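Please read the structure below before turning to the comments.
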Amino acid sequence: MSFPYMEAVVGFMILMYLFETYLDLRQHAALKLPTLPRTLEGVISQENFEKSRAYSIDKSHFHFVHECVTILIDSAILFFGILPWFWKKSGNFLPLVGLNEENEILHTLSFLAGVTIWSQITDLPFTLYSTFVIEARHGFNKQTIWLFIRDLIKGMCLAILLGPPIVSAIIWIVQKGGPYLAIYLWAFMFVLSLVMMTIYPVLIAPLFNKFTPLPDGELRLKIEKLASSLKFPLKKLFVVDGSTRSSHSNAYMYGFFKNKRIVLYDTLIQQCKNDEEIVAVIAHELGHWKLNHTMYSFIAVQILTFLQFGGYTLVRNSTDLFRSFGFDTQPVLIGLIIFQHTVIPLQHLVSFALNLVSRSFEFQADAFAKKLGYGSALRAGLVKLQEENLSAMNTDPWYSAYHYSHPPLVERLAALDEADKKEQ
């Protein structure tokens with residue numbers, strides 16, 4: 001008797017749902033607390049705290065519903081054999097349009113087209129409610145329904161343009177890879193990631209947002225001076241029109257080697273009236289670069305990708321594994337999907353470990369900015385971003401440890417205060 005892989009996967013999915021729901025309940029209770037954490041008393045206004053609390057509770061209620069519907073759909077798809085049924089139907093569709101259903105690449109693309117349509121149908125109500133009800137209710141959504149539809153159409157067009165050649169290449173590599181399959185798959189994904197990191201900010205991102213050079217002035221001079229002092233090879237400094245979609249704010253950097261770029265959201269500039277606060281946020285981001293956090297993260301992702309492909313090569317020919325999920329054949333894409341489901345326990349552990357590392361990096365980047373003399377400005381900037389984004393003020397320690405890649409504001413301010421005490 002073969003091992004019941006599918007039942008084990010569904011069982012673990014439900015267990016993880018129950019565990020994460022328990023954490024969500026703990027977080028929900030923390031969000032409902034009527035008072036600020038002691039560290040934030042006198043720092044965050046009561047008015048902004050009440051707004052943040054209402055926003056966070058609304059998102060929490062929405063999250064409970066969304067996660068419940070998701071686990072029901074995902075479990076049903078696996079348990080009732082909908083996945084193999086849909087694979088068979090997507091193959092039957094090909095002769096109707098004059099294509100060969102024995103061609104695995106065409107069969108896979110037909111399957112993915114159907115899955116994409118299904119995903120859009122099931123996700124769209126939640127996306128619309130999140131954007132046009134919750135985000136709008138709390139003053140964040142700036143999108144019109146036309147802009148939303150336009151973005152949706154652009155995203156689907158990109159998927160149609162980029163998806164088929166990538167999927168076809170993966171299937172061909174698996175079919176021809178032989179004993180070095182894991183190496184070939186990893187090499188392909190490595191090159192693909194470099195290409196996407198290169199073309200996304202230049203060709204794809206401008207399809208959705210407008211990027212303009214930061215105007216000459218005090219802010220630009222301060223950022224360029226900071227970058228120069230750290231020998232950061234800043235080539236371009238942009239402002240992105242994030243305000244066309246949301247009033248949430250952010251800043252990021254990208255680029256390879258000597259071609260680095262920094263992007264500021266226009267909302268960040270609008271919200272932080274003090275240039276020093278913005279420069280302090282940039283100092284934090286440059287700290288990640290100076291301390292090699294970006295490189296370490298990239299290397300970690302490459303190692304994990306290689307290990308995943310190595311694991312896939314070990315199970316891809318397991319007849320019992322495919323049969324457990326209702327498949328008589330062993331398609332490449334289905335093998336990848338099944339493998340991803342079977343390693344869910346490891347994925348959760350790895351995700352937790354990466355979050356711990358990421359949180360450590362955030363503290364280090366804060367300390368780096370403080371060492372440059374931006375301690376007070378960084379503190380003010382973090383508080384401003386927390387207030388303007390209405391981020392949760394009260395967080396459950398278990399929930400944040402499991403989910404958050406960035407430490408809560410309370411912990412970051414406490415770390416900055418502790419550094420001040422040590423200096424004194």
Side-chain angles (χ1 to χ4, degrees), residues 48 51-52 55 59 124 127-159 161-162 196-224 226-227 232 234-256 259-286 288-289 294 380-391 406:
N48 283 333
K51 289 181 180 179
S52 163
Y55 178 49
K59 289 197 301 179
L124 189 59
T127 305
L128 288 171
Y129 187 85
S130 175
T131 302
F132 293 99
V133 178
I134 296 179
E135 294 295 306
R137 178 186 298 160
H138 296 277
F140 287 117
N141 179 52
K142 304 301 179 184
Q143 289 190 86
T144 62
I145 191 66
W146 164 242
L147 181 58
F148 178 87
I149 293 172
R150 191 173 67 184
D151 283 351
L152 189 65
I153 293 173
K154 287 180 182 178
M156 293 179 67
C157 290
L158 283 171
L161 180 66
L162 300 176
M196 292 305 297
M197 288 168 64
T198 301
I199 69 171
Y200 177 81
V202 178
L203 299 177
I204 298 177
L207 295 175
F208 298 89
N209 289 98
K210 184 179 180 181
F211 293 79
T212 56
L214 180 66
D216 291 335
E218 196 69 23
L219 178 58
R220 185 181 186 94
L221 289 173
K222 288 179 179 179
I223 294 175
E224 289 176 340
L226 172 62
F232 179 77
L234 178 61
K235 294 298 181 184
K236 293 184 179 180
L237 187 52
F238 290 117
V239 178
V240 61
D241 62 338
S243 59
T244 58
R245 289 168 176 79
S246 172
S247 58
H248 288 297
S249 55
N250 202 356
Y252 63 92
M253 59 184 183
Y254 65 92
F256 293 112
N259 187 29
K260 302 288 188 181
R261 305 178 184 190
I262 293 177
V263 177
L264 306 176
Y265 277 54
D266 56 355
T267 47
L268 178 66
I269 298 174
Q270 295 162 8
Q271 293 165 5
C272 295
K273 304 301 182 183
N274 186 341
D275 286 352
E276 286 299 312
E277 294 176 5
I278 300 176
V279 178
V281 172
I282 299 301
H284 168 93
E285 295 300 326
L286 294 180
H288 286 305
W289 169 78
T294 306
L382 291 175
V383 170
K384 176 65 71 173
L385 290 174
Q386 185 86 358
E387 285 187 306
E388 295 296 337
N389 289 317
L390 297 183
S391 301
H406 286 53

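Bear in mind that the values here come from a model prediction, so they are computed numbers and not experimental data.
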| With a 4.5 Å limit on heavy-atom distance, are the side chains of T267 and E388 in contact? | no

| field | Donor-acceptor contact below 3.5 Å, side chain N274 vs main chain E276 | value | yes

| Chi angles and distances behind the side chain to side chain contact (heavy atoms under 4.5 Å, CB included) call for L382, H284 | CA-CA 11 Å; L382 291 175; H284 168 93; over 6 Å; no

| field | Short side-chain to backbone donor-acceptor contact, D266 and S243, under 3.5 Å | value | yes

| note | Note: L268 and A251 closest approach over all heavy atoms is CD2-CB, 3.8 Å

| query | So, do F208 and L158 sit near enough that their side-chain heavy atoms are less than 4.5 Å apart? | reply | yes

| If every non-hydrogen atom of P201 is compared with every non-hydrogen atom of Y254, which pair is closest and at what distance? | CB-CE1, 3.2 Å

| field | Crowding at NZ, K236 (>12 non-hydrogen neighbours, <6.0 Å) | value | no

| request: Given side chain to side chain contact (heavy atoms under 4.5 Å, CB included), test V281 with L385 step by step and report yes or no. | output: CA-CA 10 Å; V281 172; L385 290 174; 4.2 Å; yes

| query | Does CE in M156 sit with more than 12 non-hydrogen atoms of other residues, nucleotides or ligands closer than 6.0 Å? | reply | no

| Is L214 close to I262 at the side-chain level, that is, under 4.5 Å between some pair of heavy atoms? | no

| Can you tell if the side chain of T244 reaches within under 4.5 Å of the side chain of K210, non-hydrogen atoms only? | no

| request: Apply side chain to side chain contact (heavy atoms under 4.5 Å, CB included) to the pair V202 and R261, showing each step before the final yes or no. | output: CA-CA 11 Å; V202 178; R261 305 178 184 190; 4.1 Å; yes

| message | Can you classify the ring geometry of F140 versus Y55 as parallel (below 30°), tilted (30 to 60°) or perpendicular (above 60°)? | response | tilted

| task | Compare every heavy atom of S52 with every heavy atom of S391, then report the nearest pair and how far apart it is. | result | O-OG, 2.6 Å

| Under 3.5 Å, side chain of K222 to main-chain N/O of V279, donor-acceptor pair present? | no

| Passes side chain to side chain contact (heavy atoms under 4.5 Å, CB included), R245 versus N209? Steps please. | CA-CA 9 Å; R245 289 168 176 79; N209 289 98; 3.2 Å; yes

